[in-house]
Amino acid sequence: MRFPLSRDGWLLFITCGVRSFAYGFLSVILGLYLDAVGLSTAAIGWIFTAALAGGAVMTILITAIADSFGRKTLLIVGAVLMAAAGWVFAVSSDPIFLTIAAIFGTISPSGKDVGPFLSIEQAILPQTTDNQHRTAVFSAYNLVGSFAGAIGALAVGLPSLFSLTKISGYRLLIWSYVASAIMLAVLFALLSPRAEAERKNRAPNHPVGLQKSRSMVAKLAALFALDAFAGGFIVQSIVAYWFYLRFKTDLTALGAIFFGTNLLAAVSFLAAPAIARRFGLLNTMVFTHLPSNFLILLVPLMPNVELAVVVLMIRHLLSQMDVPTRQSYSMAVVDPDERAASAGILSVARNAGAALAPLFTGAILTTPSLGLPFLLAGGLKIIYDLWIFAVFRNVKPPEEKN
């Protein structure tokens, strides 16, 4: 996978890797850690929701002013908040403090970005290459994140090598999360002025930084919120907790499972640019996503953990091809001057949708054998795929217009 990329682009690949590594191990242990310190399933669900909803709020606040205030500065602010939130989770077991930290920090129960980092980085990435290579750059960017997340998930087994108690092992990993956030702040400080938005005259008083792209972003945001709401039922922390409840899967095995899922997701990113060039971005988004969503429905129907893991693995081999294509498509069909604000709103829509699902964690995990998280997620995601294709099938990015 070859493409021209500026120094800032390579730097964003590194920050994506560091952050994804931290999210990888945190998301596997988060539900188990909160359970171990005595929180109920309902309280854990509320903290997950606070994390996802807080990420949405912080994203809309930060990305709305990122282009005018400074992308670099606000990325550093986000990294500092991430470190502070990790510190609270490491030293406290009070659900109120944990909820506050989850709201203002970037605690990720999903293993994916929940704060403003992804939105701002998505706005910068198109400036680091040309239109013809934009999808390849987004694919490589997500490939880095997925590989790093896979290694992070595998890292949950490290505390056992030091014969630490369960709680001590969890807290060692959370302190590693704090260290990762501090590293991010340092890396963001190295971004050049070329990472900032171009200064152009804009019409005053248009909401949240949008004017020309409002209609397009509104439709995309509504659909992305539905997809993310469905995905919120199967965020990595909930899936890990479901395997623990349903099959009594231990931490080392969970780490190996999510190492595998992230690794296979990374492989899918390699195929996305070539498929998108041949069939188009929207077609790639929809027609690779649909079969993966039917596979979600099969996971809880498997009679044992081995078969459930196999189906989950196959699903991840297909499920992530829509990520770089969705990001590339979204940035291509909005006005270039409004990319940061558009990315922020779309990220908020996804975070807000995902934040609602964990509210039902207590109810959907009461009887793990039913597999309700997977059934709800798969059904809603299939509706999303069909709907987005119907609405946007005639909207082409610049490189697909002939």
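Below, each value reflects all heavy atoms present in this structure, side chains not excepted, and no hydrogens, waters or symmetry copies.
S92 contributes no side-chain N or O that, together with a main-chain N or O of F89, makes up a donor-acceptor pair within less than 3.5 Å. Of the possible donor and acceptor atoms, none in the side chain of S20 sits under 3.5 Å from a partner among the backbone N and O of G17. Using a distance-only test at 3.5 Å, with no hydrogens or angles considered, a donor-acceptor pair links the side chain of T249 to the main chain of F243. Between the side chain of S328 and the main chain of P324, no donor-acceptor pair closer than 3.5 Å is present. A donor-acceptor pair is defined here as one N or O able to donate and one able to accept, closer than 3.5 Å; such a pair exists between the side chain of T165 and the backbone of S168. Between the side chain of T325 and the main chain of M321, a donor-acceptor pair closer than 3.5 Å is present. At least one donor-acceptor pair under 3.5 Å links the side chain of W242 to the backbone N or O of P368. Under the 3.5 Å distance criterion, the side-chain polar atoms of R315 are left unmatched by any main-chain donor or acceptor of L295. In this structure a side-chain-to-backbone donor-acceptor pair under 3.5 Å is missing from D227 to L223. In terms of modelled atom types and a separation under 3.5 Å, the side chain of K381 and the main chain of A230 share no donor-acceptor contact.
Contact check for L281 versus E400: side-chain heavy atoms found under the 4.5 Å cut-off. L30 has its side chain out of reach of I47: every pair of non-hydrogen atoms, C-beta onward, lies at least 4.5 Å apart. Considering only heavy atoms from C-beta on, L154 stays 4.5 Å or farther from F258 through its side chain. Side-chain contact between L263 and M313: absent, with no pair of heavy atoms (C-beta onward) separated by less than 4.5 Å. At a threshold of 4.5 Å between non-hydrogen side-chain atoms, the residues F147 and L143 count as touching. Two residues are said to be in side-chain contact when any heavy atoms from C-beta on lie closer than 4.5 Å; F392 and K219 meet this criterion. Put simply, the side chain of L346 does not reach to within 4.5 Å of the side chain of V334, judged on heavy atoms. The side-chain heavy atoms of M216 and V395, taken from C-beta on, include a pair separated by under 4.5 Å.
The structure places CG of L12 at 10.5 Å from CZ of R7, a figure rounded to the nearest 0.5 Å. The CG atom of L98 sits 6.5 Å away from atom CG of L34, with the distance rounded to the nearest 0.5 Å. Atom CG in L11 sits 12.0 Å away from atom SG in C16 (nearest 0.5 Å). How far CG of L254 is from CZ of F247: 11.5 Å, rounded to the nearest 0.5 Å. Within the model, atoms CG of L312 and CD1 of I234 stand 8.0 Å from one another, a figure rounded to the nearest 0.5 Å. In this structure, L264 CG and I314 CD1 are separated by 9.5 Å, a value rounded to the nearest 0.5 Å.
Between A123 and P126, the shortest heavy-atom contact is O-CD, 3.5 Å. A pairwise comparison of heavy atoms in V217 and S342 identifies CG2-OG, 3.5 Å as the closest pair. A pairwise comparison of heavy atoms in A50 and T99 identifies CB-CG2, 3.6 Å as the closest pair. I124 and A195 make their closest contact through CG1-O, 3.5 Å (heavy atoms, listed as atom of the first residue, atom of the second, distance). Closest approach of I107 and G86 over heavy atoms only: CD1-N, 4.2 Å. The shortest non-hydrogen separation linking L173 to A155 is CD2-O, 3.9 Å.
Taking the ring pair (Phe, Tyr, Trp, His ring centres under 6.0 Å) definition, one finds that F117 meets it with F188, sequence neighbours left out. Partners of Y141 by ring pair (Phe, Tyr, Trp, His ring centres under 6.0 Å), not counting sequence neighbours: none found.
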Checking side chain to side chain contact (heavy atoms under 4.5 Å, CB included) for the pair M285/F389: CA distance, chi angles, key distance, verdict? CA-CA 9 Å; M285 286 165 58; F389 183 74; over 6 Å; no
Report the C-alpha distance between R194 and T128 in whole Å, list the side-chain angles of each, state the deciding distance to 0.1 Å, and finish with yes or no for side chain to side chain contact (heavy atoms under 4.5 Å, CB included). CA-CA 9 Å; R194 290 187 294 277; T128 66; over 6 Å; no
Begin from the C-alpha positions of W10 and F13 and carry the test ring-ring contact (aromatic ring centres under 6.0 Å, His included) through to its verdict. CA-CA 5 Å; W10 290 113; F13 277 28; 5.5 Å; yes
Is there a side chain to side chain contact (heavy atoms under 4.5 Å, CB included) between Q122 and F138? Walk through the geometry before answering. CA-CA 8 Å; Q122 279 184 14; F138 274 106; 3.8 Å; yes
Starting from the C-alpha separation in whole Å, work towards a yes-or-no answer on side chain to side chain contact (heavy atoms under 4.5 Å, CB included) for L290 and V286. CA-CA 6 Å; L290 265 173; V286 172; 4.3 Å; yes
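The local environment of CH2 in W175 is crowded, with over 12 non-hydrogen atoms from other residues, nucleotides or ligands closer than 6.0 Å. Under a cut-off of 6.0 angstrom, the local environment of OH in Y244 is sparse, with at most 12 non-hydrogen atoms contributed by other residues, nucleotides or ligands.
In this structure, a donor-acceptor pair under 3.5 Å is present between the side chains of S192 and D8. A side-chain donor from one of Q327 and N142 sits under 3.5 Å from a side-chain acceptor of the other.
Between R19 and E121, at least one side-chain nitrogen of the basic residue sits less than 4.0 Å from a carboxylate oxygen of the acidic one, meeting the salt-bridge criterion.
Aromatic ring centroids of F374 and F233 lie 6.0 Å or more apart.
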